[in-house]
Each structure stands twice: as C-alpha cells, then as structure tokens.
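Note: hydrogens, waters and symmetry copies are ignored here, and every other heavy atom, side chains too, is used.
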Amino acid sequence: VKMLKKLANYLFAGLLCMSFVGCGEHDEVEDLDYDFTPIQICVMAESQDGKDLLNPDVDENILTQNIVATYRGKEYTNGKSSKSRVYVPHFYGLVTMKLNNGKYALAFGELNGQEDFKNEELVIDWGDGEQDVITFTSTVNWKGQRPEVKRSYQLNGKEVAKDTAMPIMKVVK
C-alpha cells in the first residue's frame, strides 16, 4: 500500500508538471514568420574568347554602351548599387556587380521573393542592337502551414536555372 501511494504521488506530480509545460498559444505554427529570399537576376557577358565584357579592367568591356533592361514596360539603365546590412527586398534596377567568382555581371532586382510572378519578361538591350530576353516564373504555394517556393528562369526561350533566387546566366557576344 505504501508503494502504491508513492507511485500515485509520482504520477500525480508528473501530470501536474506536464500541465505547466504543455503546448499553449505561444507554440502555434501561425506565429511563425517566413523570410522569402528576394529575386535577383544576374547576367554575365563574355566575348567569344572568354573575356569578361562587364569587367571595367578589360579593354574590350562594353560598360560604355547604353545597356538597358526593360521590365514591365519601364527601362532601367545600368547604374550603381547600394549596400545594406538589412536583408529585405531593395529594388535597385540594373547595376553591374562583382560576383564571388571574381567575374562581373549585370544584376537586376531585387524583386519581392514572396510575390508570385508568371512568365515575367526582362529584356536586356546591350546598346549595340542585340537583345536577350529573360523569362521567369516564381510561385509560393502553402503546404499546410509551410511555404514551398518554385522558381524557373529561361534565357531566350531555353531554361537556364531552377529553384534559386539568384540565377547567374552567361551570354556570349
């Protein structure tokens, strides 16, 4: 009988403790915030012999040409980027940037990674009569309480990247 009383006391104490640490409103999934990586499209331009045509140190660079990106009917000329430590979508238009691999690229963005885009077109006019068309789709679908992001990118009708927020494409001029 003494042993049963001890066991009952332990069980009661255990149940009492569990009532204090049980799930409450603060543990609800709806309280989670999701960060969606902004979309930034990068295009490298190389000559037939592999020279980086966007590198300002290369004699044959094309940075003096009037390079323009057209998106949703608006034109963006190649400009300078701004830096920030805050990671939120910051739309800067079209800029030249140095990639981690040391090569240069035109970067367009940033676009809101949480927004749905369907067959959006970005036209790069290289200022020499040539154009390249980038088409991209980005969707956010909710699987229960969690987002699933799908992205795809085409360069001149050919798929070049999937499921990335920063595709890097190469154009040979």
Task: Verdict with supporting geometry, Tyr153 and Ile39, side chain to side chain contact (heavy atoms under 4.5 Å, CB included) - done: CA-CA 11 Å; Tyr153 305 86; Ile39 298 170; 3.7 Å; yes

TODO: Output, in order, the C-alpha distance, side-chain angles, deciding distance and verdict of side chain to side chain contact (heavy atoms under 4.5 Å, CB included) for Asn119 and Thr137.
DONE: CA-CA 5 Å; Asn119 296 319; Thr137 296; 3.4 Å; yes

Task: Inter-residue atom distance Thr139.OG1 - Lys118.NZ, 0.5 Å rounding - done: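 Spacing of OG1 (Thr139) from NZ (Lys118) equals 8.5 Å.
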
- [ ] Starting at CE of Met169, measure out to CD1 of Ile124 and round the result to the nearest 0.5 Å.
- [x]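 Here the rounded value is 9.0 Å.
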
TODO: Using the side chain to side chain contact (heavy atoms under 4.5 Å, CB included) rule, take Leu155 and Val171 through it: C-alpha gap first, then chi angles, then the decisive distance, then the call.
DONE: CA-CA 9 Å; Leu155 175 61; Val171 173; 4.1 Å; yes

Answer whether the closest heavy-atom distance between the side chains of [X] and [Y] falls below 4.5 Å.
{"X": "Cys42", "Y": "Met166", "value": "yes"}
{"X": "Asn61", "Y": "Tyr104", "value": "no"}
{"X": "Leu54", "Y": "Ile62", "value": "yes"}
{"X": "Gln65", "Y": "Glu130", "value": "no"}
{"X": "Val43", "Y": "Asp132", "value": "no"}
{"X": "Val172", "Y": "Gln48", "value": "yes"}
{"X": "Lys103", "Y": "Ile168", "value": "no"}
{"X": "Asp163", "Y": "Lys150", "value": "yes"}

Open item on the list: Before you tell me yes or no, could you show the steps for Leu94 and Leu106 under side chain to side chain contact (heavy atoms under 4.5 Å, CB included), namely the whole-Å CA-CA distance, both residues' side-chain angles and the distance that decides it to 0.1 Å?
Closed with: CA-CA 7 Å; Leu94 184 67; Leu106 291 176; 4.0 Å; yes

- [ ] Heavy atoms only: give me the nearest Pro89-Glu110 pair and the separation to one decimal.
- [x]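 Heavy atoms only, the tightest pair is CA-OE1, 3.6 Å.
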
- [ ] Can you see which heavy atom on Gly113 is nearest to which on Arg151, and at what distance?
- [x]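 Between these two residues, the closest heavy atoms are O-NH2, 3.0 Å.
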
TODO: Report the C-alpha separation of Phe136 and Phe117 in whole Å, then their side-chain angles, then the decisive distance to 0.1 Å, and conclude whether the ring-ring contact (aromatic ring centres under 6.0 Å, His included) test is met.
DONE: CA-CA 7 Å; Phe136 64 96; Phe117 299 93; 5.5 Å; yes

Open item on the list: Assigning hydrophobic clusters by single linkage (Ile, Leu, Val, Met, Phe, Trp, Tyr; side-chain heavy-atom cutoff under 4.5 Å), is Val68 placed with Met44?
Closed with: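 Looking at the clustering, Met44 is in a separate group from Val68.
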
TODO: Flag yes if Val58 and Leu99 sit in one hydrophobic cluster, no otherwise; membership is Ile, Leu, Val, Met, Phe, Trp, Tyr, and two members link when side-chain heavy atoms are under 4.5 Å apart.
DONE: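 Val58 and Leu99: separate clusters.
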
Open item on the list: Looking at Lys170, I want to see if its NZ is surrounded by more than 12 non-hydrogen atoms of other residues, nucleotides or ligands under 6.0 Å.
Closed with: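 Counting other residues, nucleotides and ligands, NZ of Lys170 stays at 12 neighbours or fewer.
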
TODO: Please work out which of the three classes, parallel, tilted or perpendicular, describes the rings of Phe91 and Phe108, given edges at 30° and 60°.
DONE: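 It falls in the perpendicular class, over 60°.
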
